[in-house]
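Some notes on the structure that comes next.
Atoms within each ligand, like the ligands themselves, are counted from 1 in listed order. Not measured: the values here are computed from a predicted model.
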Amino acid sequence: MALMTGEQYLESLRKLHPRIYMFGKQIPCAVDDPILRPSVNSVKMTYDLAQMPEYEALMTTTSNITGRKINRFCHIHQSTEDLMLKVKMQRLCGQKTAACFQRCVGMDAFNAVWSTAYEVDKAHGTSYFENFKKYMEYVQEEDLVVDGAMTDPKGDRGLAPHAQADGDLFLRVVERRPDGVVVRGAKAHQTGASNSHEILVMPTQAMKPDDKDYAIAFAVPIDAEGIFMIVGRQSCDTRKLEDGTLDRGNPTFGGMEALVIFDNVFVPNDRIFLNGESEYATMLVERFASYHRQSYGGCKVGVGDVLIGAAALAAEYNGAAKASHVKDKLIEMNHLNETLYSGGLACSANGWQTESGNYMVDTLLANVCKQNVTRFPYEIARLAEDLAGGIMVTCPSETDLRDPELGPYVEKYLKGVDSVPTINRLKIMRLIENMTLGTAAVGYRTESLHGAGSPQAQRIMISRQSDMNAKKDLAKSIVGIE
Ligand code: SF4
Ligand code: FE
């Protein structure tokens, strides 16, 4: 098949049976659930765009494994050009959904596991790379969504995995069998878990030899025996249960995160890509994190484009578009947004070829990109709220707008410029509310801070990669210090 259509993606989800819980109840299928469906729609966009001739070059490419046409979200990057196209594709998907479209975590995990497994095999004589290559062929041919799972709950952050009071606070191997391993633990904040086909697990941090049971990477179907997930709440999520779509802000698209629990899950040998080689956990974590920090220089920029557009419309509908301070705030928003994009492109352009043949981003620049993402979307959101005005958080509900008695008063008093219907003004206010405070704020705002690693994680990488001695030598040589 190699390329699924959006409709085929929906059908494929209906054939799976993941155990999903929300508000204490089991959800039969994410496709038909009003709270989870917007998340399905966002991922569906990655299939729909791949079918459109105008986006073919961006959304699809040629597999280095099979030579067949595949979705770029399943690609093993073969050049710096590929890395840049990835960022451009993410910006496009952000523009089309104004939400997290989720499929990047899998793509970033593919590329990190690909190169790490190769180097582990070289050092240890293992066969993880062959396992993974076979797995990637399956993923590409079936055009699957894979949830890349890194973040463990971590319990006491001051203790190593093996030293935790409860050993399951980091996902670990609890039984070794001739045909595979049994794992137990959990992965937190799992983006898109309810509408993924597979889950690809990686260790969450650097590991010492004592933590070898925790140095495990593998993939299993999302509905494998023993896996279940508890969906995380998002601000304003139950608005999706109300009649009408105005108060949702984004009527069609959204994202989702879940706590995914592995309650004694069997992993067969050919689905294992790291197993006890604890010294390679660091390489896998750093490569995955750097790819995902690059990703934010694409997706957040695309979502930012929508927010900037909404802020400009809000100013226009308020009759304030010509004010010089309004124009200047929009310039500032664009400046910040394009600076994020520059980081995403720069770490791609400066990428390098790994021993396995695929391309890795420039680690320092990817971390600088993500460090900016921990700040600039907050400023962009602040300026959007500034331009929207307080009505963004105080406007009456859609039910009141539709009410035969109250509606005419809402219409009359919430009107901005006369030529724009009140409903359009309210739609834009709700969209800004959604992206700064509502369900999409998970993907745009707080995820900008903590997604792909919290700010301090990037600062550690920036400090490691900055080569301070070389800089000191430069200063010494300028003034002639030996
Ligand atoms: Fe992709 Fe961005 Fe969502 Fe991460 S936050 S999965 S990079 S859209
Ligand atoms: Fe993310």
Side-chain angles (χ1 to χ4, degrees), residues 38-47 49 58-59 71-75 77 83 85-112 144-151 187-196 198-200 202 204 232 234 250 253-258 260 285 288-307 337 340-341 343-345 347-348 361 366-367 369-370 372-374 376-377 435 439-455 457-458:
S39 162
V40 175
N41 291 341
S42 298
V43 179
K44 182 172 173 286
M45 183 59 81
T46 69
Y47 290 94
L49 291 171
L58 203 51
M59 297 299 300
N71 192 299
R72 188 175 294 282
F73 278 99
C74 298
H75 191 42
H77 314 303
L83 291 171
L85 288 170
K86 171 198 159 183
V87 172
K88 291 178 184 177
M89 167 179 77
Q90 289 168 310
R91 185 170 189 171
L92 173 72
C93 293
Q95 290 170 340
K96 297 288 185 188
T97 58
C100 166
F101 39 90
Q102 308 149 46
R103 217 174 157 182
C104 333
V105 248
M107 167 175 54
D108 293 339
F110 299 154
N111 280 277
L144 300 179
V145 178
V146 178
D147 170 12
M150 179 161 277
T151 311
K187 290 288 179 182
H189 324 297
Q190 286 312 296
T191 298
S194 66
N195 42 266
S196 295
E198 292 263 328
I199 184 162
L200 170 52
M202 298 160 283
T204 199
Q234 296 181 336
N250 185 334
F253 302 105
M256 70 78 60
E257 264 82 23
V260 179
V285 171
F288 171 76
S290 297
Y291 281 126
H292 210 50
R293 289 168 193 171
Q294 169 211 24
S295 285
Y296 280 36
C299 80
K300 300 290 180 261
V301 181
V303 177
D305 286 329
V306 179
L307 185 56
N337 206 40
L340 299 179
Y341 190 47
L345 289 180
C347 69
S348 306
V361 292
N367 278 278
C369 171
K370 172 66 212 316
N372 284 337
V373 174
T374 66
F376 297 176
M435 297 173 79
T439 51
V442 178
Y444 186 66
R445 211 178 150 127
T446 312
E447 196 177 41
S448 287
L449 195 70
H450 292 296
S454 306
Q458 291 110 54

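Between Y291 and H77, the two ring planes are tilted [angle within 30° to 60°]. Aromatic ring orientation, Y296 versus H292: perpendicular (interplanar angle above 60°, classes split at 30° and 60°).
The C299 neighbourhood of ligand 1 comprises atoms 2 (Fe), 5 (S), 7 (S), 8 (S), with distances under 4.0 Å to a heavy atom of that residue. Atoms of ligand 1 found under 4.0 Å from any heavy atom of E447, numbered from 1 in the order shown, are 5 (S). Contact atoms of ligand 1 toward S295: 7 (S) (distance under 4.0 Å to a heavy atom of the residue). Of all the atoms in ligand 1, the ones that sit under 4.0 Å from a non-hydrogen atom of Q102 are 3 (Fe), 6 (S). Of all atoms in ligand 1, numbered sequentially from 1 with element shown, those under 4.0 Å from a heavy atom of K300 are 2 (Fe), 5 (S). Atoms of ligand 1 lying under 4.0 Å from at least one heavy atom of Y296, given by number and element, are 4 (Fe), 5 (S), 7 (S).
With the Fe ion (ligand 2) as the vertex, atom OE2 of E447 and atom OH of Y296 span an angle of 90° (nearest 10 degrees).
Listed here is the closest heavy atom pair of M256 and A193: SD-N, 3.4 Å. Between Q190 and G148, the shortest heavy-atom contact is OE1-O, 3.3 Å. Residue M202 comes nearest to A109 through the heavy atom pair CE-CB, 3.6 Å, listed as atom of the first residue, atom of the second, then distance.
Side-chain atoms of K96 never come within 3.5 Å of backbone atoms of R91 as a donor-acceptor pair (strictly under, hydrogens ignored). For N111 (side chain) and H75 (main-chain N/O), a donor-acceptor pair under 3.5 Å exists by modelled atom type.
For a distance bound of 2.8 Å, the N, O or S atoms of C104 include one lying that close to atom 1 (Fe) of ligand 1. In summary, C100 places an N/O/S atom under 2.8 Å from atom 3 (Fe) of ligand 1, meeting the contact criterion.
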